[in-house]
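One structure below.
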Number of protein chains: 2
Amino acid sequence: MTKTKSIELNDPTIIRSAAIAKALGHPARIAILKLLAQRKTCFCGDITEVLPLAQSTVSQHLKALKSAGLITGEVEGVRTCYCLNPDGIKDLKSLLSELSSELIKTCC
Amino acid sequence: MTKTKSIELNDPTIIRSAAIAKALGHPARIAILKLLAQRKTCFCGDITEVLPLAQSTVSQHLKALKSAGLITGEVEGVRTCYCLNPDGIKDLKSLLSELSSELIKTCC
DNA sequence: ACTTTTAATCGCAACATTGCGATAAATTAC
DNA sequence: GTAATTTATCGCAATGTTGCGATTAAAAGT
């Protein structure tokens with residue numbers, strides 16, 4: 001007898017979808033994902049070399065992508081090897097394509 | 001001879017994808033889109049009635065979705081009628097599904 | 001005319017994001 | 001051991017986001 005509104009914003013599916021979308025919500029992070037798709041594997045320095053951003057900034061974007069579960073980062077000696085995380089990318093595909101079909105069904 | 005980094009972050013496709021993803025990057029906005037898909041059409045008040053958020057907050061989320069091109073809002077007398085915007089939803093589907101296929105191809 | 005209804009906007013507070021340079025931590029090379 | 005390399009983290013500034021209540025603006029009902 002406390003709830004009056006009927007839509008919950010804590011639905012795990014919606015939360016996860018929003019988190020993934022948020023991680024995609026910056027051009028640099030999309031560019032990083034595409035780069036990882038091309039090269040399969042990248043050190044942080046490889047990415048910094050290629051993006052017009054400072055190393056610390058790239059490192060932050062990598063951290064965001066990692067905590068959204070979209071990439072993995074394994075320490076290899078001095079460096080860290082970043083890869084796409086298949087599980088996360090599957091979530092991205094399934095959740096967002098499910099959402100967009102749900103939306104497109106009624107509006108088009 | 002000013003550019004040294006090879007990846008541009010001003011690629012319009014990447015920018016548009018990021019903008020769409022950013023608009024999806026909050027649970028309330030995803031919930032609003034789903035609600036519009038269900039009901040085809042909503043006034044701001046319908047949405048406020050159903051979400052655990054104040055009217056002003058809902059209005060702000062609607063503004064964000066509208067400026068990302070995902071919904072339209074037509075004034076009808078005192079009220080505003082919100083709908084999914086087919087063009088925007090098509091962008092959402094094509095850009096994000098294109099991105100996720102591109103990513104999933106190499107990682108899975 | 002006045003009140004009610006609806007939605008947008010303002011003002012505010014709290015917090016998050018983006019970006020950078022500088023620094024720290026850890027491994028590798030000498 | 002010392003120096004060089006690589007990445008993460010810190011500190012900082014600027015800006016953006018999220019949320020609310022209060023107010024404004026505009027239309028509709030009385």
Side-chain angles (χ1 to χ4, degrees), chain A residues 4-5 7-10 14-15 17-33 35-36 39 41-68 70-83, chain B residues 4-5 7-10 14-15 17-33 35-36 39 41-68 70-83:
Chain A
T4 51
K5 308 303 184 89
I7 293 190
E8 297 293 340
L9 296 182
N10 358 7
I14 291 189
I15 300 232
S17 304
I20 289 173
K22 194 174 184 184
L24 295 180
H26 191 289
R29 289 194 290 269
I30 292 192
I32 289 173
L33 291 176
L35 190 64
L36 288 176
R39 303 202 184 168
T41 242
C42 279
F43 299 116
C44 175
D46 298 335
I47 300 168
T48 302
E49 218 166 36
V50 131
L51 289 184
L53 293 170
Q55 179 268 323
S56 57
T57 305
V58 170
S59 192
Q60 256 177 302
H61 284 304
L62 288 168
K63 191 179 178 183
L65 289 169
K66 196 175 162 192
S67 59
L70 296 179
I71 64 173
T72 58
E74 305 229 322
V75 176
E76 279 186 15
V78 191
R79 316 196 255 186
T80 307
C81 178
Y82 286 99
C83 299
Chain B
T4 50
K5 307 303 183 90
I7 293 188
E8 297 292 339
L9 297 182
N10 0 6
I14 290 188
I15 300 232
S17 305
I20 290 173
K22 194 175 182 183
L24 296 180
H26 191 289
R29 290 193 291 269
I30 291 191
I32 290 172
L33 291 176
L35 189 64
L36 288 176
R39 302 202 187 169
T41 240
C42 280
F43 299 116
C44 176
D46 299 335
I47 300 168
T48 302
E49 218 166 37
V50 130
L51 289 185
L53 291 170
Q55 180 268 321
S56 58
T57 305
V58 169
S59 192
Q60 255 178 301
H61 284 303
L62 288 168
K63 191 180 181 185
L65 288 169
K66 195 175 164 193
S67 60
L70 296 179
I71 65 174
T72 58
E74 306 230 320
V75 175
E76 277 186 15
V78 193
R79 316 196 253 184
T80 307
C81 178
Y82 287 98
C83 300

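Throughout, protein chains are lettered first and strands after them, A, B, ... in sequence-line order, and every chain is numbered starting at 1. Keep in mind it's a predicted model, so treat the numbers as computed, not measured.
- Distances were taken from every side-chain heavy atom of Ser56(A) (C-beta onward) to each of dC20(C), dT18(D), dT9(C); the shortest belongs to dC20(C).
- With dG19(D), dC20(C), dA7(C) as the choices, the nucleotide that has an atom nearest any side-chain atom of Tyr82(B) turns out to be dA7(C).
- Closest contact between the side chain of Arg29(B) and the listed nucleotides dC20(D), dT18(D), dT17(D) involves dT18(D).
- When the nucleotides dT7(D), dG19(C), dA22(C) are ranked by their closest atom to the side chain of Cys44(A), dT7(D) comes out on top.
- For Leu62(B) and dA7(C), the CG to P distance is 9 Å, given to the nearest whole Å.
- Mapped onto DNA chain C by nearest heavy atom, Val75(A) and His61(A) fall at different nucleotides, with His61(A) at the one closer to the 5' end.
- Residue-level contact check: Lys22(B) touches the backbone only, with heavy atoms under 4.0 Å from sugar-phosphate atoms and none from bases.
- As rounded to whole Å, 16 Å separates atom P of dT5(D) from atom CG of Asp46(A).
- Between the side chain of Gln55(A) and the base of dA8(D) there is at least one donor-acceptor pair of N/O atoms closer than 3.5 Å.
- Distance, Leu51(A) CG to dC20(C) C1': 15 Å, rounded to whole Å.
- Note: CD1 (Ile32(A)) to P (dT7(D)) measures 13 Å, nearest angstrom.
- With a 4.5 Å cut-off on side-chain heavy atoms, Thr41(B) and Cys81(B) count as touching.
- Rounding to whole angstrom units, CD of residue Glu76(B) and P of dA28(D) are separated by 11 Å.
- In this structure, Ser59(A) and Gln55(A) have side chains that are in contact, with non-hydrogen atoms separated by less than 4.5 Å.
- Of the candidates dA8(D), dA7(C), dT18(C), dA7(C) carries the atom nearest the Phe43(B) side chain, counting heavy atoms from C-beta on.
- The side chain of Ser59(B) places no N or O atom within less than 4.0 Å of a non-bridging phosphate oxygen (OP1 or OP2) of dA7(C).
- In this entry the distance linking NE2 of His26(B) with C1' of dC15(C) reads 12 Å, nearest Å.
- Cys44(A) places none of its side-chain heavy atoms less than 4.5 Å from the side chain of Thr80(A).
- Among the nucleotides dA26(C), dA8(C), dG21(C), the one closest to the side chain of Thr80(B) is dA8(C).
- The distance from atom CD of Gln60(B) to atom C1' of dA14(C) is 14 Å, rounded to the nearest whole Å.
- Looking at Leu51(A) and His61(A), their side chains never come closer than 4.5 Å, going by heavy atoms from C-beta outward.
- You'll find that the side chain of Arg79(B) is closest to dA7(C), out of dA7(C), dT18(C), dA27(D).
- The minimum heavy-atom distance linking Leu36(B) with Cys42(B) is given by the pair CD2-CB, 3.5 Å.
- If you measure from atom CG of Leu65(A) to atom C1' of dT17(C), you get 14 Å, rounded to the nearest angstrom.
- When the nucleotides dC20(C), dA22(D), dT9(D) are ranked by their closest atom to the side chain of Ala54(A), dC20(C) comes out on top.
- The shortest distance between side-chain heavy atoms of Leu33(A) and Ile71(A) falls below 4.5 Å.
- OP1 or OP2 of dC20(D) lies within a sub-4.0 Å distance of a side-chain N or O belonging to Thr57(B).
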